[in-house]
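Below is one structure; the comments refer to it alone.
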Protein chains: 2
Amino acid sequence: MQVRLKDIAKLTGYSITTISRALAGYADVNAETRAFILQTAHQLGYQPNGIAQQLRQQIANAIGLIIPSDAHDLNGDFFSQLLHGISAEAAEQHFDILICSALPGEEEMRAYRRLVGGNRVDGVILARTRRDDPRIAYLRAKKHPFVVSGRAAPNEPSDFPYIDVDSQAAIRMLVAHLHSLGHRQIGLILPPPDVAYTGYRLMGYQEGLAAAGLPFCADYLQYGDLARSGGFHAAQHLLSTQPQLTALIACNDLMALGAISAALGRGLRVGADLSIVGFDDLPAAEYSHPPLTTVRQPIYGIGRRLAAMLIGLIRGDQSAHTQIILQGELIVRASSGAPQTR
Amino acid sequence: MQVRLKDIAKLTGYSITTISRALAGYADVNAETRAFILQTAHQLGYQPNGIAQQLRQQIANAIGLIIPSDAHDLNGDFFSQLLHGISAEAAEQHFDILICSALPGEEEMRAYRRLVGGNRVDGVILARTRRDDPRIAYLRAKKHPFVVSGRAAPNEPSDFPYIDVDSQAAIRMLVAHLHSLGHRQIGLILPPPDVAYTGYRLMGYQEGLAAAGLPFCADYLQYGDLARSGGFHAAQHLLSTQPQLTALIACNDLMALGAISAALGRGLRVGADLSIVGFDDLPAAEYSHPPLTTVRQPIYGIGRRLAAMLIGLIRGDQSAHTQIILQGELIVRASSGAPQTR
DNA sequence: GTGAAAGCGCTAACAG
DNA sequence: CTGTTAGCGCTTTCAC
């Protein structure tokens with residue numbers, strides 16, 4: 001079965017130590033010896049036993065990612081892209097990724113204890129932070145390296161390394177965009193209140209309205225699940241109770257797509273009778289009909305940089321402890337246009 | 001930092017061996033001793049070092065999943081759901097999941113060698129098999145446990161454990177459905193030819209046509225990427241070169257959504273002027289506009305069962321070596337209807 | 001019931 | 001340049 005250093009040692013006549021050093025590329029090995037050893041190792045198809053290396057070196061060479069299990073259904077594309085970025089960077093730095101899906105709550109914390117406490121990973125990446133997030137409390141107490149996709153809620157301290165998109169500015173931008181098209185009655189579809197970033201998006205909306213000289217109306221707000229269905233139902237509700245609305249801002253693309261579906265189902269022409277805009281720029285946004293006006297968030301890049309930061313922290317590079325807020329880019333597509341009354 | 005067995009031993013006065021046995025639940029430990037040890041361990045917040053357990057027991061307690069990196073963008077929702085199922089089962093059986101994204105090719109094979117050859121995982125799950133798949137050849141040669149989501153291409157032997165949906169029957173069903181609505185000119189949007197399941201879907205189409213007494217026309221076929229863009233461009237092409245088509249079958253939902261977008265963009269009423277149907281039943285299908293007629297594939301369940309099979313194989317349960325073909329369920333929604341000419 | 005000792009496969013002082 | 005030795009933290013015979 002598995003080829004061990006011992007096997008190469010037996011075959012070449014050198015000691016296990018020399019084999020190890022030759023393979024690891026240490027300088028103090030005779031060039032010919034090294035060549036011979038490398039060749040033999042290659043012939044035997046030697047692959048170092050990762051577990052043994054990890055035990056010996058006291059590092060797992062792995063990072064953990066615990067995904068809220070509802071996220072798969074809610075926002076699979078987002079996590080998939082984030083994971084893509086993370087794994088690209090991890091692969092380059094020879095790190096593995098340990099994945100766990102768990103429901104927020106006790107199950108989730110058990111997963112963290114197993115991965116973190118059990119030394120299976122050297123650091124973890126957190127996503128979709130919640131208000132008063134117990135995971136952050138745990139990792140902070142453990143002093144275990146971690147980085148976060150997104151900040152803490154507005155009124156909580158974000159005293160950890162993170163990368164976030166300035167969603168406050170993004171929503172502000174969307175309000176300004178709609179206002180410049182002529183919209184005066186703009187509804188907002190928000191994520192659930194316990195999601196940390198919900199507060200930022202609401203603030204951005206209020207600031208946007210203020211900047212445009214528009215009044216804030218609480219009846220123009222509706223909360224919904226982070227998915228198409230959430231946007232669909234929220235839009236249904238807003239459109240029937242507030243028919244004067246000419247535009248809807250959804251706090252992410254999936255909700256926006258659900259809202260489009262609701263609007264079309266009511267016979268509205270999206271982009272004319274009703275403008276709808278989102279946030280994320282998932283692949284789905286480009287091919288929806290009409291294509292979705294949105295603010296682009298470089299999800300892949302965020303995943304990549306998060307992984308790079310985390311690996312930096314693991315290696316003890318204190319300069320990796322940074323907090324980054326990215327600006328999104330407004331992508332105007334046909335789902336938003338000048339308001340028209342039928 | 002980390003609490004070790006040694007620490008508990010020191011504190012309780014028992015030997016490491018006894019601590020280990022008490023924690024592992026062996027019967028030959030005095031009940032009081034055990035209680036005392038368990039309590040102490042709990043107080044100290046003991047978490048066994050997973051790496052050490054793995055090295056000692058020669059099992060990684062982990063399964064590997066190597067995701068073609070293009071899949072994240074192409075079909076994030078699908079992989080996300082599959083991953084969800086896999087991780088649910090794995091978590092229950094106390095297995096970790098090691099994820100790697102790699103481009104098909106040399107990079108991908110290196111990832112396999114590292115994970116499999118390096119003993120980091122006890123088994124792997126393969127998805128989106130290709131014709132003449134080198135990963136299967138490698139795993140087979142290594143005699144390493146693996147299970148596959150999907151079969152080999154029609155003309156290749158599928159002599160490995162797998163779970164697949166009968167996509168041949170699914171496409172046949174879709175043809176029958178469209179035929180029963182009155183469609184006679186039905187186009188087909190296919191995945192790239194190197195994807196293993198493409199052959200099955202084409203066969204299903206041909207069989208469906210034959211059963212309906214319709215002629216097969218090669219001009220009604222178009223290949224495209226496994227994504228919205230692929231469906232979009234394929235539909236564009238079919239609709240402009242074969243305007244007599246009244247229905248399009250897309251081989252997955254994303255392509256179908258792209259096709260809907262293309263049709264709407266040409267001013268066609270989907271479900272009336274042109275019927276479009278897909279396959280998968282991703283969350284997006286339900287909320288597209290119009291909602292998509294499709295064949296439902298229990299992706300989460302497939303992930304779950306794949307993980308269960310693999311863990312069975314790892315544990316040496318030969319009865320886990322099974323080959324399962326599931327039947328999809330036709331979900332009729334508004335994107336398909338009787339053909340109408342404008 | 002409990003403890004001593006061996007060893008999983010590897011790396012890293014330390015000698016020579 | 002190369003080999004000897006000592007573990008990483010855990011489990012598991014094997015004695016007592």
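Order of the sequence lines fixes the chain letters, A, B, ..., with proteins taken first and strands second; residue numbering starts at 1 for each chain.
Take the nearest nucleotide of DNA chain C for B:Leu55 and for A:Gln53: the residue whose nucleotide is more 5' is B:Leu55. Residues A:Ala31 and B:Gln47 each lie close to DNA chain D; by heavy-atom proximity, the contact nearer the 5' end of the strand is made by A:Ala31.
The side chain to side chain donor-acceptor pair (under 3.5 Å) pairs that include a residue from residues 43-54 of chain A number zero, where partners must be two or more places apart or lie in different chains.
The CD1 atom of A:Ile8 sits 13 Å away from the P atom of C:dG9 (whole-angstrom rounding). Distance B:Arg21 CZ to D:dC10 P: 15 Å, rounded to the nearest Å. Rounded to an integer number of Å, the gap from A:Asn49 CG to C:dG9 C1' is 6 Å. Put simply, CD on B:Gln58 is 19 Å from P on C:dA6, counting in whole angstrom units. To the nearest angstrom, C1' of C:dG1 lies 16 Å from CG of B:Leu23. Per the geometry, CG belonging to A:Asn30 stands 15 Å off C1' belonging to D:dG3, to the nearest Å. The interatomic distance linking B:Arg56 (CZ) with C:dC10 (P) rounds to 16 Å, in whole Å. If you take CG of B:Asp7 and P of D:dG9, they are 9 Å apart, rounded to a whole angstrom.
The shortest distance between the side-chain N/O atoms of A:Ser15 and the OP1/OP2 oxygens of D:dG3 is below 4.0 Å. At the phosphate of D:dT2, neither OP1 nor OP2 sits under 4.0 Å from any side-chain N or O atom of A:Tyr26. Taking 4.0 angstrom as the limit, B:Thr18 places a side-chain polar atom (N or O) nearer than this to OP1 or OP2 of C:dG3. The phosphate of D:dC10 (OP1 or OP2) has a side-chain N or O of B:Tyr46 nearer than 4.0 angstrom.
Of the N and O atoms on the side chains of B:Arg315 and B:Gln93, at least one donor lies less than 3.5 Å from an acceptor on the other residue. Between the side chains of A:Ser101 and B:Ser87, at least one donor N or O lies within less than 3.5 Å of an accepting N or O. Using a 3.5 Å distance cut-off with no hydrogens or angles, the side chains of A:Thr18 and A:Ser15 do pair a donor with an acceptor.
Listed by residue number, the members of residues 32-44 of chain B with any heavy atom below 4.0 angstrom from DNA chain D form an empty set.
As judged by a 4.0 angstrom heavy-atom cut-off over every strand, A:Asp28 is placed among the base-contacting residues. Residue contacts for B:Ile16: at a heavy-atom cut-off of 4.0 Å it reaches a base atom on one of the strands shown.
Out of D:dT2, C:dT2, C:dA12, the shortest distance to the side chain of A:Tyr14 is found at D:dT2.
From B:Arg114, atom CZ reaches atom CE of B:Met109 across 13.5 Å, with rounding to the nearest 0.5 Å. Put simply, CG on A:Leu126 and CD1 on A:Ile67 are 11.5 Å apart, with the number rounded to the nearest 0.5 Å. For the atom pair CD of A:Gln297 and CG of A:Leu82, the computed distance is 9.5 Å after rounding to the nearest 0.5 Å.
Listed by chain and number, the residues in a side-chain hydrogen bond (donor to acceptor under 3.5 Å, both in side chains) with A:Asp132 amount to none (sequence neighbours excluded).
Counting atom types as modelled, B:Thr17 pairs a side-chain N or O with a base atom of C:dA4 as donor and acceptor under 3.5 Å.
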